[in-house]
Structures are given as structure tokens and as C-alpha cells.
Asker: 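Here it is: the structure, laid out below.
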Number of protein chains: 2
Amino acid sequence: MPLTAAQQRTVNAAVDLFAEHGVGGTSLQMIADAVGVTKAAVYHQFKTKEEIVLAVAEGELARVEAALEIAEAEATPAAARDVLLEQMVALAIERRHMESTLLSDPVIVRFFAEHEPFRAVMGRLARVLMADERGREARVRAAMLTAAIGGAVMHPLVAELDDKTLRTQLLHLARSFLDLPD
Amino acid sequence: MPLTAAQQRTVNAAVDLFAEHGVGGTSLQMIADAVGVTKAAVYHQFKTKEEIVLAVAEGELARVEAALEIAEAEATPAAARDVLLEQMVALAIERRHMESTLLSDPVIVRFFAEHEPFRAVMGRLARVLMADERGREARVRAAMLTAAIGGAVMHPLVAELDDKTLRTQLLHLARSFLDLPD
DNA sequence: GTCTATACGCGGATAGAC
DNA sequence: GTCTATCCGCGTATAGAC
């Protein structure tokens with residue numbers, strides 16, 4: 001179900017505010033003020049705050065799905081995995097400038113853990129990431145790699161690196177973690 | 001400054017509730033009920049909710065510091081790094097059973113990012129983790145490794161693995177990421 | 001479809017009595 | 001140390017105007 005114009009304005013404002021103050025730290029009043037309407041007007045667009053969070057999360061999910069589409073179009077599992085690595089790194093780099101807490105927010109995390117559509121996408125992501133491997137080691141490796149790319153961009157240690165350098169290093173080290181050539 | 005008995009009871013209750021519902025999802029009323037007193041009594045122990053969060057975060061920090069003490073007692077940087085890896089994996093495994101969101105919670109993350117004592121410990125951790133290396137690659141690698149160990153334990157992909165297996169795999173893969181022997 | 005007005009309950013926080 | 005009472009802001013919710 002596509003969003004109406006008013007809903008889209010609300011979501012856009014919410015994304016910025018969630019990224020800056022966290023979901024729990026963002027009130028409907030703040031969102032309403034940012035859009036330039038009243039609380040009740042926002043509440044009319046989305047029946048609950050959770051629905052706004054859901055819309056924001058779905059927006060994020062859509063980007064991951066787009067990355068998956070590109071990767072899964074490759075001919076071999078190995079090629080798909082490598083393309084997915086590039087996509088994941090690119091998404092993570094974009095994300096780093098939203099003060100953000102957006103994906104580490106418990107509320108968002110809960111959505112990604114509980115709602116089936118999110119789990120399905122995460123399953124696809126894991127499958128491509130593991131290529132043709134199957135064992136425990138491959139699972140742990142995929143879990144670590146996902147966490148490493150997503151978490152490293154927010155780490156103070158890399159705060160001073162510019163986007164291009166960080167992107168190159170992340171991709172290089174991710175490949176080396178998988179014993180892939182550069 | 002050590003905690004009074006009443007403060008310790010409050011903190012103990014808070015840790016469990018934060019782990020289950022997140023910081024934002026835990027009200028002072030919930031903490032008060034868990035301890036068996038009123039909200040105002042809790043407020044007498046800690047002037048604000050943030051002070052409770054701080055006390056909880058300091059408890060977590062103390063464990064990381066203890067791990068660092070053990071690692072830094074080693075004779076060489078390489079040995080210190082390897083011992084620290086073991087300690088970090090052990091801490092992460094413990095943590096996995098707190099539904100948790102505790103360390104990924106925006107409120108907690110903010111504390112670790114803004115308060116100097118936390119930054120100092122994180123600096124020590126990074127230093128030991130990088131051993132005698134200095135360059136950009138070492139920094140990104142340390143950031144990825146920290147995120148990978150901390151984040152992987154919560155990943156759905158490894159949910160079915162028992163603690164011992166996960167611990168072994170994490171340590172094995174962390175070492176391989178650093179090109180270390182097992 | 002979009003908005004205003006208004007009300008209810010809850011969570012964070014403070015003042016002051018015991 | 002703990003209580004009662006109270007204040008304010010926010011999230012939820014409804015009725016109704018444009």
C-alpha cells in the first residue's frame with residue numbers, strides 16, 4: 001500500500017528525527033512540528049506511533065531488498081555474494097551520517113526480529129552471503145560479517161576516515177574475512 | 001562512589017528490565033514495582049532515570065575493564081590481543097541471553113560515546129585490539145571486529161547454536177580475521 | 001482526504017510529611 | 001528511606017470542521 005502525500009511528509013520528517021533523537025526520544029509533537037501540523041493531524045495519518053516506525057522500517061527494508069535484487073541477478077552464488085558485499089557496504093556508509101541509532105534502536109530491532117517480511121529479507125540476505133556454504137561456521141561468519149559492516153561505520157575508531165576511504169577498507173576487509181580476492 | 005543497599009536493589013531490577021524491554025520501554029513505575037516500593041522512593045535513590053542508566057552502564061563498563069586488566073597483564077601486545085579476544089567473546093556470549101538491546105540501546109550508546117570514562121576504556125580496548133599496528137586498515141579492522149563479536153551473538157542466524165559452539169566459532173573466526181593461528 | 005479541538009491515562013519529576 | 005500528593009508533557013483517542 002503506497003503512502004499518501006501527507007503520509008510521506010510525515011515519514012520523511014520522522015526518519016530525520018528518529019536518526020537524531022532515537023525512536024523513543026522522538027514525540028509525535030516533534031514530528032508534527034517538523035511537518036508543520038498538529039499532533040492530531042499526524043495521528044490521523046498513522047493510528048499509532050508504531051505505524052510510523054513501521055513505515056520508516058519498511059523504507060529501510062526496501063533499500064535492502066533493492067540491493068538483494070541486484071545481487072541475486074548475478075550468475076553464480078560467488079558473484080552474487082560479492083555484489084551483495086558492495087551493496088551492504090554502500091548502504092552502511094550512507095547510514096553513518098544519520099547520528100543513528102536508527103538500526104540499533106530496540107524498537108526497530110524488534111520489528112526486524114518479529115515481523116515476517118523482515119525476517120524473510122534477512123533470510124535471503126544470509127543465503128546470498130553464505131553463497132554455497134551450509135555449515136555452522138558459514139552461519140557464524142555471515143552473522144559476524146553483517147554485524148561488522150553495520151556496526152563498524154558507527155565506531156569512534158573510524159570517525160575520522162572519509163567515506164571513500166572507509167568504503168574501500170570495509171570492502172577490502174570484508175572480502176579478506178571471506179577469503180576472497182580483492 | 002559505592003552504591004547503597006537500596007541503590008543496588010534498584011540497579012539489579014533495572015538491569016533485568018532494561019534487558020527485557022529496553023531503556024525507553026522501562027518506566028520508573030516498572031522498576032519501583034519490581035523492587036516493591038513507590039516511584040518516589042526510587043527517585044530518592046537516583047535523582048533521574050539517566051542516573052539509573054548511568055549506574056547500569058558503569059556496571060557493564062566494570063566488566064570490560066576487568067577483561068582489559070587481564071589482557072594487559074600479558075607480556076606482549078600479540079598475547080594481550082589474543083587474551084582480550086577470549087574475554088570479549090566470553091562477555092558477548094553472557095550478554096546474548098539478556099533479550100538485549102542493552103548495549104545497542106541508543107541511550108546506552110550515547111553514554112558510551114559522550115562520557116569520558118567510557119571513551120577512555122574503549123580507547124584502551126582498541127589499542128590492545130590493534131596490538132602494534134597503527135594504520136587505517138588496523139583501525140577499521142578493530143572497529144569491525146568489535147562490532148562483529150558484539151553483534152553476531154544477537155543475530156537470528158546463530159540463535160540455534162549452543163553457547164559453547166558459538167563461543168568456539170566466534171573465537172576461531174575472530175582469530176582468522178586477524179590472521180592469527182587458532 | 002486533511003485538518004482542529006479536546007479529553008484521558010501514563011510516565012517523569014518534585015515537594016513535603018512520616 | 002519511604003510515603004502521599006501533585007505537576008507537566010506525551011501518546012492515544014474521538015468528534016467534527018473544511
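Each chain gets a letter, A, B and so on, in the order the sequences are listed, and its residues count up from 1. In what follows, every heavy atom counts, from backbone to side chain, and hydrogens, waters and symmetry copies are set aside. What you see is a predicted model; the values in this text were computed from it and never measured.
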Asker: Round to the nearest Å and state the distance from B:E51 atom CD to C:dG12 atom P.
Answerer: 15 Å

Asker: Out of curiosity, does A:L170 fall in the hydrophobic cluster containing A:V83 (side-chain heavy atoms, cut-off under 4.5 Å, transitive links)?
Answerer: no

Asker: Is there a path from B:L129 to A:L173 through hydrophobic residues (I, L, V, M, F, W, Y) whose side chains come within less than 4.5 Å of each other?
Answerer: yes

Asker: Roughly how many Å is it from NE2 in A:H21 to P in D:dG9, rounded to a whole number?
Answerer: 17 Å

Asker: Near A:R124 CZ, under 6.0 Å, is it more than 12 heavy atoms from other residues, nucleotides or ligands?
Answerer: yes

Asker: Looking at residues at least two apart in the chain, or sitting in another chain, which of them share a side-chain hydrogen bond (donor to acceptor under 3.5 Å, both in side chains) with A:D132?
Answerer: none

Asker: When the distance from CZ of B:F46 to P of C:dG12 is rounded to whole Å, what number comes out?
Answerer: 15 Å

Asker: For atom CZ of A:R175, decide whether the heavy atoms of other residues, nucleotides or ligands shown that lie under 6.0 angstrom number more than 12.
Answerer: yes

Asker: Take the protein atom CD1 of B:I31 and the nucleotide atom C1' of C:dG11, then report the distance between them rounded to whole Å.
Answerer: 11 Å

Asker: Closer than 4.0 angstrom, basic N to acidic O: yes or no for A:R167 and A:E86?
Answerer: no

Asker: What pairs of nitrogen or oxygen atoms, one from the protein and one from nucleotides 1-3 of chain D, lie under 3.5 Å apart?
Answerer:
residue	atom	partner	partner atom	Å
D:dG1	OP1	B:T4	OG1	3.4
D:dT2	OP2	B:Q45	NE2	2.8
D:dC3	OP2	B:T38	N	2.6
D:dC3	OP2	B:T38	OG1	2.9

Asker: Send over the distance from B:Q29 CD to D:dA5 P, rounded to a whole Å.
Answerer: 15 Å

Asker: Rounded to the nearest angstrom, tell me the gap between atom NZ in B:K49 and atom P in C:dC10.
Answerer: 17 Å

Asker: Have a look at A:T10 and say if it touches a base, only the backbone sugar-phosphate, or nothing, with a 4.0 Å heavy-atom cut-off.
Answerer: nothing

Asker: Give a yes/no on whether any side-chain N or O of A:Y43 is located under 4.0 angstrom from OP1 or OP2 of D:dA13.
Answerer: yes

